[in-house]
Colleague: 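Okay, here's the structure, questions in a sec.
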Amino acid sequence: MKKLKYYLPLLLTIGLLVSCEKSLEELNIDPNNPAKVSVQLALPAGTVSVAGITGGRFAVIGGIWSQFYTQNNASNQYKDIDAFYYTPSDFAATWQEMYAGGLNDLQYVRREASKTGDWNFYLIATTMQVYAFQNFTDVFGDIPFSEALRGDQGISEPVYETSQAIYDSLITRLDVALSKDFTASTNTNAGPADFVFGGDMEKWIHFANTLKLKIYLRYAEVNPSKAQAGIAALNTSGVEFLSEDAALAVFEDAASKSNPFFEQDKRTLNTTQNLKASRTLFDLLDQSGDQRKFEIYNAAEAGGYKAMNQGDFNAPTTVLAPLTISTAKVDALDPVYLISEAESYFLQAEAVERGWGTGDAEALYEMGVTASFEQTGYGDDAADLLAGEYSFDTYFGGGLAAILMQKWIAFAGTQQGMEAFFDRMRTGYPEESPVYHSDPAYEPGLVVYPKEGTTQGQFARRLFLPDTETSRNPNAPSQANLWDPMWWHK
């Protein structure tokens, strides 16, 4: 934990994302400040910056949109997110931090490591950068890519590229990084500069392979032949995937050093009650006797465990007493998961179930469920549920539906709400309910349109491009509607 003493006081203000708002044009002018630092310093800076966004702001937004949580009816921090009523100005700071912070730092590491032939640092920085770019293009759509981060070359108004073209480039970047010689004498051990695996390059190779698998599965509903070909190539080459978490477990219970979700939602707001348990997930866990409920939600202050209807934040407190509702459980020391062990098994299970991977889909599914239970501290409970209600052959109809529904639950346990949201947009699981939570016909585990939603019954599918971009970069595309699908949406 000593490494935090040196890095996090400067880096983990990211959890709030309240830096001044500038356009990408302005951010590209000075790509590295200071202009020359060691890769040992730039790598952790970039890693924590990316984790601060994906494990902080995105985890909150995705957790609400995936209906793990909903806004408390006695406060208002996330009403706009819960109701799909947000504006282009709301995400300018997030955009700035990712491009000027994480992506920029990682690009610096890639460039410097390439000069010296340090392929260890090159693979780590490339994998983290691909992970970040995928998240950003998945939530914003078309973004600057090949001309981004090149302000030092005079490119102040980078072109926007289509999300699908960026995906192709991400695969290429991973392939190039994985092709390097990791036995070369020019390689150095990342050691304490690597907050994910402590310099273990075999694990980074597994992470990069698993990230490629996740990228190929994004094509599943729109270009299955490409997904199949890419996954077949992975299998033919005999690659190994993650069998443990790719996560940052480096946090302390202190201001600006804690888990970014905790930092944003618990430490710095005027109440810890904003995020309440949503009935969509809560009721499903509750009816199954799934003990993971106790690691996803806190007991209500008034005692016991209870959820509220999604988006019902205007319910009078005389009707719905706020302190009787469970809150999101998040701790200052919680890791930020990039890809969890459970997610890796579910990705592999999906590939096999679709006929594109190798192995046993049912066995991989059960490994994913078990890993999720173990991660939340209830490993002994998995076997009984897998032999009964969570059976691969029957859960939500079995097969692919079982895999994706259990993956959705697992994402709640690792606070990967945005990834759960991406998966629902990609696959249609969880399915949408024809009735609202308050209807007696409601079935747990089906998402509902939030009660106070503002988009005429359509679910949000993206974030707005920041207005700082659309107003200052002439290459920025026209603003999309919130419900416009990404290219990979089902």
Side-chain angles (χ1 to χ4, degrees), residues 65-68 213-214 216-222 224 227-228 231 278-293 296 307 310 340 342-373 381-413 416-417 419-437 439-449 459 461 485 488-490:
W65 285 358
S66 297
Q67 301 195 3
F68 303 153
L213 176 61
K214 187 179 81 167
Y216 279 125
L217 282 171
R218 284 283 201 272
Y219 293 87
E221 299 291 342
V222 293
Q228 182 176 11
I231 293 168
S278 170
R279 282 190 57 194
T280 302
L281 175 61
F282 181 95
D283 285 6
L284 183 66
L285 298 174
D286 196 51
Q287 74 170 12
S288 303
D290 191 324
Q291 302 294 294
R292 287 177 291 181
K293 174 182 74 176
I296 297 172
Q310 188 74 33
S340 71
E343 182 184 358
S344 174
Y345 295 139
F346 287 128
L347 289 167
Q348 295 172 65
E350 180 183 348
V352 174
E353 183 65 13
R354 290 183 183 272
W356 305 333
T358 59
D360 185 317
E362 181 174 0
L364 288 162
Y365 164 80
E366 292 186 349
M367 291 167 70
V369 173
T370 301
S372 176
F373 271 89
D381 294 343
D384 287 343
L385 280 166
L386 285 168
E389 185 175 347
Y390 289 175
S391 167
F392 178 71
D393 293 328
T394 60
Y395 191 61
F396 277 85
L400 187 61
I403 293 167
L404 294 169
M405 288 302 294
Q406 280 295 326
K407 188 182 180 188
W408 173 64
I409 296 172
F411 280 139
Q416 290 176 273
E419 196 61 47
F421 165 72
F422 294 150
D423 246 21
R424 188 171 81 79
M425 294 295 101
R426 174 177 71 90
T427 68
Y429 289 101
E431 296 179 328
E432 294 179 22
S433 171
V435 297
Y436 187 58
H437 279 152
D439 192 303
Y442 172 73
E443 297 180 23
L446 301 183
V447 296
V448 302
Y449 186 74
F459 288 83
R461 289 181 170 86
W488 45 261
H489 281 182
K490 184 171 181 177

Colleague: Considering non-hydrogen atoms only, spot the tightest contact between L213 and A351 and give its length.
Modeller: CD1-CB, 4.1 Å
Colleague: If I take atom CD from residue Q406 and atom CZ from residue F396, how far apart are they, to the nearest 0.5 angstrom?
Modeller: 9.0 Å
Colleague: Judged by modelled atom types alone, do S344 and Q348 share a side-chain donor-acceptor pair under 3.5 Å?
Modeller: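 Per modelled atom types, S344 and Q348 side chains form a pair under 3.5 Å.
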Colleague: Find the distance between CG (D381) and OG1 (T370) and round it off to the nearest 0.5 Å.
Modeller: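 The OG1 atom of T370 is 11.0 Å from CG of D381, to the nearest 0.5 Å.
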Colleague: Are any of the side-chain heavy atoms of F282 and I296 separated by less than 4.5 Å?
Modeller: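 F282 does not reach I296 side chain to side chain.
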Colleague: Any non-hydrogen side-chain atom of L400 less than 4.5 Å from a side-chain atom of M405?
Modeller: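 Of all side-chain heavy-atom pairs linking M405 with L400, none is under 4.5 Å.
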Colleague: Regarding E419 and R426, does a basic nitrogen lie under 4.0 Å from an acidic carboxylate oxygen?
Modeller: no
Colleague: Going by atom types only, do T280 and Q310 share a side-chain donor-acceptor pair under 3.5 Å?
Modeller: no
Colleague: Determine, stepwise, if the pair M425 / W488 fulfils side chain to side chain contact (heavy atoms under 4.5 Å, CB included).
Modeller: CA-CA 8 Å; M425 294 295 101; W488 45 261; 3.9 Å; yes
Colleague: Do the rings of H437 and Y442 sit parallel, tilted or perpendicular, given the 30° and 60° boundaries?
Modeller: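 Perpendicular, since the angle between the ring planes exceeds 60°.
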Colleague: Do F346 and V369 come within less than 4.5 Å of each other through their side chains, counting heavy atoms only?
Modeller: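 In short, these two side chains touch, coming nearer than 4.5 Å.
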Colleague: Let me confirm one number: the CD-CD distance from E362 to E353, rounded to the nearest 0.5 Å.
Modeller: 9.5 Å
Colleague: Flag the pair I403 / Y429 as yes when at least one side-chain heavy-atom distance between them is below 4.5 Å, and no otherwise.
Modeller: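 Not touching, per the 4.5 Å side-chain cut-off.
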Colleague: Flag the pair Y365 / L386 as yes when at least one side-chain heavy-atom distance between them is below 4.5 Å, and no otherwise.
Modeller: yes
Colleague: Identify which one of L364, I231, L217 satisfies the side-chain contact (heavy atoms from CB on, under 4.5 Å) criterion when paired with L347.
Modeller: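 Result: among L364, I231, L217, L217 is the only option passing the side-chain contact (heavy atoms from CB on, under 4.5 Å) with L347.
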Colleague: Flag this pair as yes if the NZ/CZ of R424 is under 6.0 angstrom from the six-membered ring centre of F411 and inside a 45 degree cone about the axis; otherwise no.
Modeller: no
Colleague: How about F392 and D360: do any of their side-chain heavy atoms sit closer than 4.5 Å?
Modeller: no
Colleague: Restricting to non-hydrogen atoms, name the atom on G428 and the atom on K490 that form the minimum distance, rounded to 0.1 Å.
Modeller: N-CD, 4.2 Å
Colleague: Is it true that atom CD of E443 has more than 12 heavy atoms of other residues, nucleotides or ligands lying nearer than 6.0 Å?
Modeller: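 Counting other residues, nucleotides and ligands, CD of E443 stays at 12 neighbours or fewer.
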Colleague: How far apart are the closest heavy atoms of W408 and S66, and which atoms are they?
Modeller: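 Of all heavy-atom pairs spanning W408 and S66, the closest is NE1-O, 3.2 Å.
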Colleague: Enter the distance from R461:CZ to F421:CZ here, rounded to the nearest 0.5 Å.
Modeller: 8.0 Å
Colleague: Compute the ring centroids of Y436 and Y449, then answer whether they are less than 6.0 Å apart.
Modeller: no
Colleague: Does some side-chain heavy atom of S372 sit less than 4.5 Å from a side-chain heavy atom of R292?
Modeller: yes
Colleague: Of all the heavy-atom pairs spanning R218 and D423, show the shortest one and how long it is.
Modeller: NH1-OD1, 4.3 Å
Colleague: Write down the atom of G445, the atom of P430, and the distance for their closest heavy-atom approach.
Modeller: O-CB, 3.3 Å
Colleague: Are side-chain heavy atoms of K407 and E343 found at a separation under 4.5 Å?
Modeller: yes
Colleague: Quick one: do E350 and K214 satisfy salt bridge (Lys or Arg N to Asp or Glu O under 4.0 Å)? Show the steps, please.
Modeller: CA-CA 10 Å; E350 180 183 348; K214 187 179 81 167; over 6 Å; no
Colleague: Do you know which two heavy atoms are closest between L281 and A412, and how far apart they sit?
Modeller: CD2-CB, 3.5 Å
Colleague: Rounded to the nearest 0.5 Å, what's the gap from CZ on F68 to CD1 on I409? Could you check?
Modeller: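 These two atoms lie 9.0 Å from each other.
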Colleague: Nearest 0.5 Å, what's the CD-CG distance between E389 and D384?
Modeller: 12.5 Å
